[in-house]
Amino acid sequence: MTDEVQRSTFNVQRSGDVEEGVGTQGLIFNEPLLFDQGSKGRVGCTLPECDVPELKPERLLPRKLLRRDIPGFPELSEVEVVRHFTRLSQHNYGVDLGFYPLGSCTMKYNPKINEEVWRLPGFSQAHPYQPQSLIQGALELMYELETFLAEISGMERVSLQPAAGAQGEILGMMLIRAYLESKGSPRKRVLIPDSSHGTNPASAAICGYQCVQIKSGPRGRIEPQAVADMMDEDVAAIMITNPNTLGLFEDQIADIAKIVHAKGGQVYCDGANLNAIIGISRPGDVGVDVLHFNMHKTFAVPHGGGGPGAGPVGLKAHLAPFIPIPVVEKKGKRFVLNEDLPSSIGRVRAFYGNFAALVRAYAYIRSLGPSGLRRVAEVAVLNANYIMNQLKDTYHLPYDKFCKHECVFSDARQLPHGVQTLDIAKRLMDYGFHPPTIYFPLIVRGAMMIEPTETESKETLDQFIAAMKRIAEEAERDPELVRSAPHKTKVSRLDEVKAARQPNLRWKGKAPRLP
Ligand SMILES: *Cc1c(COP(=O)(O)O)cnc(C)c1O
């Protein structure tokens with residue numbers, strides 16, 4: 001990069017101005033598919049002459065498993081393969097490439113120190129069948145992580161087993177069910193706010209409960225009276241997300257918990273939005289009985305690509321007898337796995353959960369420490385409020401309140417020009433940004449849910465704000481430009497439903513060339 005280019009990029013960022021295509025231009029090449037490249041006999045690596053007699057494949061494998069040839073199999077050199085996959089990786093978008101304001105998902109930067117720690121051979125090469133005497137360090141890490149998460153959330157115990165937040169919800173509801181059964185009846189219903197994440201009702205239903213919706217009040221929060229009106233001895237629990245998916249703190253959660261407890265019910269907290277309150281407020285202190293954490297959100301474990309996350313579950317002492325086995329305990333100076341819990345609901349995951357995700361989260365917590373974790377929440381909330389205030393004159397803000405980690409706009413002001421949320425999201429890609437979460441939460445028509453996280457600089461936020469404002473202008477001046485976006489991506493607007501239901505993954509005949 002010449003000095004001049006560098007300087008001009010810097011100036012664009014400083015002035016908060018924005019250029020269309022910031023993130024989508026540059027040295028990104030189109031190339032043929034692998035199947036169209038290479039030539040017969042080209043190889044990626046050559047092996048030394050064989051110094052033992054060669055056996056025909058027929059002598060090694062049953063004939064029916066042998067294939068004469070693989071039609072169209074690409075034959076390529078090593079560098080062609082490396083370039084191909086490196087280019088493909090550049091056609092994708094990730095947190096390491098740019099701003100990813102996907103509301104509710106907490107797409108924060110994943111510090112590389114976490115990867116370094118996880119790659120230490122004692123962690124990455126440990127085997128779950130190793131004797132406990134040889135994995136003392138790994139057990140100690142799980143023991144300490146449980147202690148940290150309990151301290152952070154105000155809970156008494158934590159199960160590290162669930163593989164994701166959604167599985168944590170199922171475990172939480174199984175614990176509540178087991179507890180209530182031990183008291184005589186599992187009960188029938190679970191109360192769930194209308195702003196909840198879809199996994200909440202799904203988890204309650206899987207555990208055999210009937211879901212009843214509670215309407216959010218005019219402040220975008222759950223009103224204690226609404227809970228009191230629905231609460232009776234058939235209600236097993238309330239599942240409440242705090243801060244909720246509108247990015248608002250459920251400031252009456254303590255009163256709600258009292259109402260639920262008075263009728264013998266339990267309080268489940270969906271802790272996916274813990275990023276906004278970590279180090280400041282503890283769900284366990286305001287009456288929550290069980291909650292899940294999302295390691296791949298709050299605790300900077302890489303998120304997406306189908307990679308494993310983790311959804312540990314914190315619980316109060318009365319639920320502890322039902323915790324999944326095994327649990328890590330400390331006996332003198334040694335750490336041991338205890339399977340001897342007669343009331344345990346059993347296992348919810350092979351071995352100890354996604355250990356690699358747990359190590360990364362542990363490294364994150366240790367590298368920030370208590371004051372650093374608190375700072376995470378403070379800056380995440382500051383960033384979200386900055387965006388909310390900068391954009392509220394341009395986009396309709398259904399709940400104009402001080403927000404937590406995310407803010408929710410709608411397309412109400414752009415609709416009269418024929419431009420809707422989906423179009424705005426697509427057009428953002430032309431400006432080099434990943435779109436926010438759209439059409440969720442369901443209680444806001446045409447929702448755009450923006451979560452900046454604490455890891456973004458003011459310059460990045462300013463660029464994003466400038467792009468959003470520019471798109472609003474375009475919607476008035478040239479709605480068709482927005483409606484037909486994106487224009488600068490590898491492929492233009494896709495039929496998303498068809499792409500999800502009938503993915504075209506198979507190569508047949510002559511491969512189609514990318515546009
Ligand atoms: C992400 C999320 C979940 C589900 O968590 P996963 O780890 O994706 O299974 C549940 N509730 C809310 C509010 C979320 O944002």
Side-chain angles (χ1 to χ4, degrees), residues 95 100-108 110 149 153 159-174 190 192-207 211 213-214 216 220-222 237-250 253 267-278 283 288 290-314 348-349 353-354 356-358 360-361 380 384 403-408 436-444 447-453:
V95 167
Y100 210 130
L102 205 59
S104 216
C105 293
T106 312
M107 303 297 284
K108 61 169 77 177
N110 310 133
L149 294 176
S153 59
S159 168
L160 301 174
Q161 276 186 30
Q167 200 194 8
E169 291 171 28
I170 293 179
L171 169 58
M173 295 315 291
M174 287 169 81
V190 171
I192 303 179
D194 54 3
S195 61
S196 80
H197 194 266
T199 49
N200 291 188
S203 301
I206 284 176
C207 292
C211 303
Q213 198 179 73
I214 319 177
S216 305
R221 296 165 168 96
I222 295 302
I238 186 169
M239 291 183 95
I240 193 161
T241 307
N242 201 18
N244 67 25
T245 63
L246 291 165
L248 304 174
F249 190 76
E250 292 287 356
I253 187 161
V267 180
Y268 183 94
C269 178
D270 179 330
N273 296 336
L274 200 68
N275 206 48
I277 57 170
I278 188 166
V288 169
V290 50
L291 103 162
H292 78 256
F293 305 83
N294 299 64
M295 294 291 146
H296 41 290
K297 296 181 182 174
T298 318
F299 297 96
V301 171
H303 190 148
V313 166
V348 294
R349 180 89 186 133
N354 284 333
L358 302 176
R360 291 179 176 101
C403 69
K404 284 276 171 282
H405 58 299
E406 62 199 2
C407 52
V408 179
T437 294
I438 55 173
Y439 302 109
F440 179 77
L442 303 176
I443 56 171
V444 172
M448 287 178 270
M449 183 199 223
I450 300 168
E451 178 178 10
T453 82

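Start at 1 and go down the list; that is how both ligands and their atoms are numbered.
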What is the nearest protein non-hydrogen atom to [atom], stated with its residue, atom name and distance?
| atom | value |
| --- | --- |
| atom 8 (O) of ligand 1 | His296 NE2, 4.2 Å |
| atom 6 (P) of ligand 1 | Gly165 N, 3.5 Å |
| atom 11 (N) of ligand 1 | Asp270 OD2, 2.6 Å |
| atom 5 (O) of ligand 1 | Asn294 ND2, 3.0 Å |
| atom 9 (O) of ligand 1 | Ala166 N, 2.8 Å |

Legend entry - Contact check: Ala164 vs ligand 1, nitrogen or oxygen atoms, below 3.5 angstrom: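 No, no N or O pair falls under 3.5 Å.
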Inset, instruction - Before signing off on this row, confirm whether Cys105 and ligand 1 have an N or O atom pair separated by under 3.5 Å. - result: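 Checking ligand 1 against Cys105, no N or O pair falls under 3.5 Å apart.
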Heavy-atom donor-acceptor pair, [X] side chain to [Y] backbone, under 3.5 Å:
| X | Y | result |
| --- | --- | --- |
| Asn354 | Gly309 | yes |
| Lys108 | Thr298 | yes |
| Asn110 | Ala300 | yes |
| Gln161 | Val313 | no |

Legend entry - Residue of the set Ser195, Ser196, Ser216 for which side chain to side chain contact (heavy atoms under 4.5 Å, CB included) holds with Asn244: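 With Asn244 as partner, side chain to side chain contact (heavy atoms under 4.5 Å, CB included) holds for just one option, Ser195.
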Inset, instruction - Would you mind telling me if ligand 1 is within reach of the side chain of Lys297, the backbone, both or neither, using heavy atoms under 4.0 Å? - result: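 It is the side chain that touches ligand 1; the backbone stays farther off.
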Inset, instruction - Record the part of Ala272 in heavy-atom contact with ligand 1 below 4.0 Å; permitted values are side chain, backbone, both and neither. - result: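 For Ala272, only side-chain atoms sit under 4.0 Å from ligand 1.
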Inset, instruction - Go through ligand 1 atom by atom and flag the ones less than 4.0 Å from a non-hydrogen atom of Ser104. - result: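 Selected atoms, number and element: 13 (C), 14 (C), 15 (O).
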Legend entry - Plane angle bin for Tyr268 and His292 - parallel if under 30°, tilted between 30 and 60°, otherwise perpendicular: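 Tilted: the ring planes of His292 and Tyr268 meet at 30° to 60°.
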Inset, instruction - List the steps and the verdict of side-chain hydrogen bond (donor to acceptor under 3.5 Å, both in side chains) for Ser104 and Glu406. - result: CA-CA 7 Å; Ser104 216; Glu406 62 199 2; 4.5 Å; no
